[in-house]
Amino acid sequence: MLQKRVLFISILIFMMMAGLLGRLMQIQLFQAENFSAYHVNLIKESVKQRTHELVLDDGRGQFLDREGKPISYEEKSVLVLFPFIKKMDWNSSQIAKTLNMSHRELKSQVEAAKEPVVARGKEEPLLLSEQQADEINQLQIPGVFAVKKKIFPEHPPAAQFLGIYGENEEIFKKQYPDKDWRNKSVGLTGLEKSFDEFLQAEKETKFVYHVDGIGNPLFGIDVKYAGQANPFFPLQVKTTIDQTLQKEIESLLDEHHIQNGGAILLDVKTNDILAVASKPSINSKDPYFDEGSKNMMFKQLIPGSVFKTVIATAAIEEGAVKEKEEFRCDLDIRGNPAERNLGRLDFEGSFAQSCNRTFAELAGRLMEEDPTILENYARKLGLLEAVSWQGDVFQLSEFRQFEHDIGRVFADNESRKDQNFIAQTGIGQQEVRLSPLSVANMMAVIARGGEKRSVRAVSEIQYGDGTIMASFDEQKSDGEQISPYAAIKMQQLLRKVVTEPEGTGSLLKDLPYEVAGKTGTAETSVIHEEEQLHHKWFAGYFPFDEPQYVLVTVNVNVPGDQGGVNPLFADIVQMIYEKNKLDALHNNSSR
């Protein structure tokens with residue numbers, strides 16, 4: 001009996017040892033480079049455990065402006081210090097002198113380091129001039145390097161438009177089920193999300209050295225530089241953003257104390273986005289802390305009187321206004337005495353002075369003939385559809401450059417039957433929701449004489465060496481359009497908003513570029529400190545005779561007597577005029 005127990009235990013121990021040996025062979029021999037369902041390379045992972053490294057570039061593709069200059073980063077020279085130099089003479093006094101910094105401060109940074117660090121100064125990190133970088137590298141000190149590193153500013157231009165990327169296992173696995181997700185970033189918002197497949201990192205650029213168990217160099221002081229060997233990567237996405245205009249507009253938003261809202265600027269001819277600025281700004285330390293990660297220019301807002309542009313277009317096309325007809329602008333939309341008693345006005349005067357009664361009445365007339373007519377004209381003006389450039393790019397079918405909220409006029413069919421709802425809709429209230437992007441697209445349609453085009457955010461995807469991988473040509477939009485006649489009439493109406501003494505845009509009449517556009521003040525259901533809050537708009541284009549730019553400015557959730565955006569619109573127009581004037585002088589002097 002005892003012998004059987006000893007035999008059983010011996011066999012059990014043998015089987016356990018065989019199992020452990022088999023597992024060890026699986027790990028070290030058979031699957032060392034492709035272990036588990038995640039295909040982990042165990043050899044590389046073991047090396048990582050005894051490797052210190054400093055990543056200079058994560059290898060992810062980045063964004064360029066329309067001139068091909070980096071917009072999401074700056075490439076600057078920095079000083080990299082490895083901790084093993086604390087045990088050797090590394091000419092620290094000479095380096096400190098070159099950097100114009102305290103020798104003690106420089107040495108203290110090395111003494112405190114357990115891993116490779118980028119030297120700090122008053123700035124984070126310490127940025128070197130080309131001369132300083134050359135002088136340091138000429139010393140050829142092991143463990144001390146002046147190198148180029150991508151520096152990402154705390155508040156980059158067009159931050160919400162470019163978007164956010166970061167590590168997210170769930171999203172990465174969903175998009176790339178066959179790839180290892182660990183230590184990999186994925187686009188979460190904006191262009192980072194849309195173009196993520198092109199921006200995915202191929203290989204990091206980094207300094208590497210090996211250490212033993214207590215952190216001493218394992219193979220001496222040999223530091224290796226591991227970089228991107230393929231000259232075609234990482235890819236670069238060339239946007240349509242004019243970086244100078246972008247920065248200036250963001251600065252003007254701050255000057256005008258816009259806390260919630262922004263501005264968007266389009267090129268009339270191409271329908272390219274030249275600038276798009278949104279407030280509140282992104283919190284760089286915690287992007288999702290507040291609403292700062294959202295691009296307000298792509299979100300649904302209440303348009304107010306800006307929507308009267310749609311009613312006016314439909315009335316012109318459908319002949320809904322009688323010749324010499326006048327409207328009771330001394331009354332509100334319900335027939336009660338109006339807060340703004342404008343007296344009797346004709347159609348043109350009603351548009352210029354933004355008479356609510358006229359457009360509530362016209363909305364009712366139009367819908368008597370066709371319950372869907374307001375949506376039809378909103379669609380013709382590019383308000384109720386995806387306006388982004390869309391098409392096939394390599395294996396991506398119907399690729400869309402960016403996402404935005406689609407507009408709406410009525411939330412459901414029942415709303416179309418309510419006369420009060422129709423009247424409110426006619427003045428851009430009730431259930432009407434439009435994004436500033438869509439409104440800018442509408443103004444561009446009118447400025448071009450009725451032609452609809454897709455809005456373009458990116459013109460090219462470039463290889464790392466600057467050659468073109470893919471181009472996004474200008475693109476006309478499908479679907480019905482307004483007639484050239486209606487477009488011309490609307491151009492005249494939009495100009496009268498500015499030129500008429502009582503026009504709601506008369507503040508803009510003396511600008512160096514002649515402006516055409518429409519104001520909007522939309523009531524919200526939000527009450528703050530016993531005051532109803534409003535959305536303030538000005539949407540227009542300029543110069544009037546030869547349109548080049550469409551500009552929409554918005555201030556969201558402000559008291560009724562505050563926060564108007566006409567002054568902001570005026571300052572942006574003035575800034576563009578002065579920039580173009582300087583550019584013209586510079587071009588003439590360089591010929």
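None of these values were measured; they are calculated from a predicted model. We're numbering straight along the sequence, starting at 1.
- Inter-residue side-chain proximity for Gln236 and Gln62 is flagged as met; some heavy-atom pair is nearer than 4.5 Å.
- Under the 3.5 Å distance criterion, with hydrogens and angles disregarded, no donor-acceptor pair is assigned to the side chains of Gln160 and Asn295.
- Note that the CG atom of Leu64 and the CD1 atom of Ile71 stand 9.0 Å from one another [nearest 0.5 Å].
- Between Val186 and the choices Glu167, Glu197, Gln175, Lys174, the side chain to side chain contact (heavy atoms under 4.5 Å, CB included) rule is met once, by Gln175.
- At distances below 3.5 Å, not a single donor-acceptor pair connects side-chain atoms of Thr372 with backbone N or O atoms of Glu375.
- Proximity of Asp196 to Gln200: side-chain heavy atoms (C-beta onward) are separated by under 4.5 Å at one or more points.
- In this structure, Thr519 contributes its side chain and Thr504 its backbone to no donor-acceptor pair below 3.5 Å.
- In this structure, Lys193 forms no cation-pi arrangement with Phe402, as its terminal cationic atom is not both closer than 6.0 Å to the ring centre and no more than 45° off the ring axis.
- Here Asp254 pairs with Lys279 in a salt bridge; the nearest charged N to carboxylate O distance falls below 4.0 Å.
- Here the side chains of Thr425 and Phe359 are not in contact, with every heavy-atom distance at 4.5 Å or above.
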How far apart are the C-alpha atoms of Lys148 and Glu130, what are their side-chain angles, what is the distance that settles it, and do they pass the salt bridge (charged side-chain N to carboxylate O under 4.0 Å, His left out) test? CA-CA 10 Å; Lys148 294 284 187 182; Glu130 293 299 319; 2.7 Å; yes

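- Side chain to side chain, Ser305 and Lys308 meet the donor-acceptor criterion of an N or O pair below 3.5 Å.
- The residue from Thr553, Leu568, Asn555 that alone fulfils the side chain to side chain contact (heavy atoms under 4.5 Å, CB included) condition with Leu253 is Leu568.
- With a 6.0 Å cutoff to the six-membered ring centre and a 45° limit on the axis angle, Lys150 counts as a cation-pi contact of Tyr73.
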Worked check of salt bridge (charged side-chain N to carboxylate O under 4.0 Å, His left out) between Lys173 and Glu169: CA-CA 6 Å; Lys173 284 181 177 180; Glu169 179 182 349; 2.6 Å; yes

Evaluate the criterion salt bridge (charged side-chain N to carboxylate O under 4.0 Å, His left out) for residue pair Arg453 and Glu474; output intermediate values, then yes/no. CA-CA 8 Å; Arg453 303 183 72 87; Glu474 297 170 25; 3.2 Å; yes

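- Using a 4.0 Å cut-off between charged nitrogen and carboxylate oxygen, Arg495 and Glu514 count as a salt-bridge pair.
- Side-chain N or O atoms of His534 include one that pairs as donor or acceptor with a backbone N or O of Gln532 at under 3.5 Å.
- Between the side chain of Arg379 and the main chain of Glu385, no donor-acceptor pair closer than 3.5 Å is present.
- For the pair Thr309/Met443, a side-chain contact is recorded, criterion being any heavy-atom separation below 4.5 Å from C-beta on.
- To the nearest 0.5 Å, atoms OG (Ser194) and CG (Leu396) are separated by 11.0 Å.
- By the 4.5 Å heavy-atom criterion applied to side chains, Phe298 and Asp405 are not counted as neighbours.
- Although no hydrogens or angles enter the test, the distance criterion places no donor-acceptor pair under 3.5 Å between the side chain of Thr189 and the main chain of Gly163.
- Using a 4.5 Å heavy-atom cutoff, the side chains of Leu494 and Ile446 are in contact.
- Using a 30° and 60° split on the angle between ring planes, Tyr513 and Tyr549 fall in the tilted class, from 30° to 60°.
- When side chains are defined from C-beta on, Lys579 does not count as touching Lys581, because their heavy atoms never get closer than 4.5 Å.
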Mind running side-chain hydrogen bond (donor to acceptor under 3.5 Å, both in side chains) on Asn283 and Asp290 for me, showing each step along the way? CA-CA 8 Å; Asn283 182 327; Asp290 53 20; 5.4 Å; no

Stepwise, does the side-chain hydrogen bond (donor to acceptor under 3.5 Å, both in side chains) test hold for Lys518 with Ser354? CA-CA 9 Å; Lys518 185 71 188 77; Ser354 203; 3.0 Å; yes

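- Within the 4.5 Å cutoff, no side-chain heavy atoms of Ile151 are placed close to those of Glu75.
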Report the C-alpha distance between Arg60 and Glu192 in whole Å, list the side-chain angles of each, state the deciding distance to 0.1 Å, and finish with yes or no for salt bridge (charged side-chain N to carboxylate O under 4.0 Å, His left out). CA-CA 10 Å; Arg60 185 173 176 85; Glu192 289 282 6; 2.9 Å; yes

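- Cation-pi geometry between Arg456 and Phe472 is not met at under 6.0 angstrom from the ring centre and within 45 degrees of the axis.
- Ring-plane geometry between Phe399 and Phe198 is classed as perpendicular, the angle between the planes exceeding 60 degrees on a 0 to 90 degree scale with a lower cut at 30.
- Of the charged side-chain nitrogens involved, at least one lies within less than 4.0 Å of a carboxylate oxygen, so that Lys294 and Glu291 count as a salt-bridged pair.
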I would like to know whether Glu431 and Ser415 meet side-chain hydrogen bond (donor to acceptor under 3.5 Å, both in side chains); could you show each step before the answer? CA-CA 9 Å; Glu431 297 166 344; Ser415 299; 2.9 Å; yes

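- The closest donor-acceptor contact from the side chain of Asn566 to the backbone of Gly505 lies at 3.5 Å or more, if one exists at all.
- The backbone N or O of Glu403 sits nowhere less than 3.5 Å from a side-chain atom of Ser388 that would complete a donor-acceptor pair.
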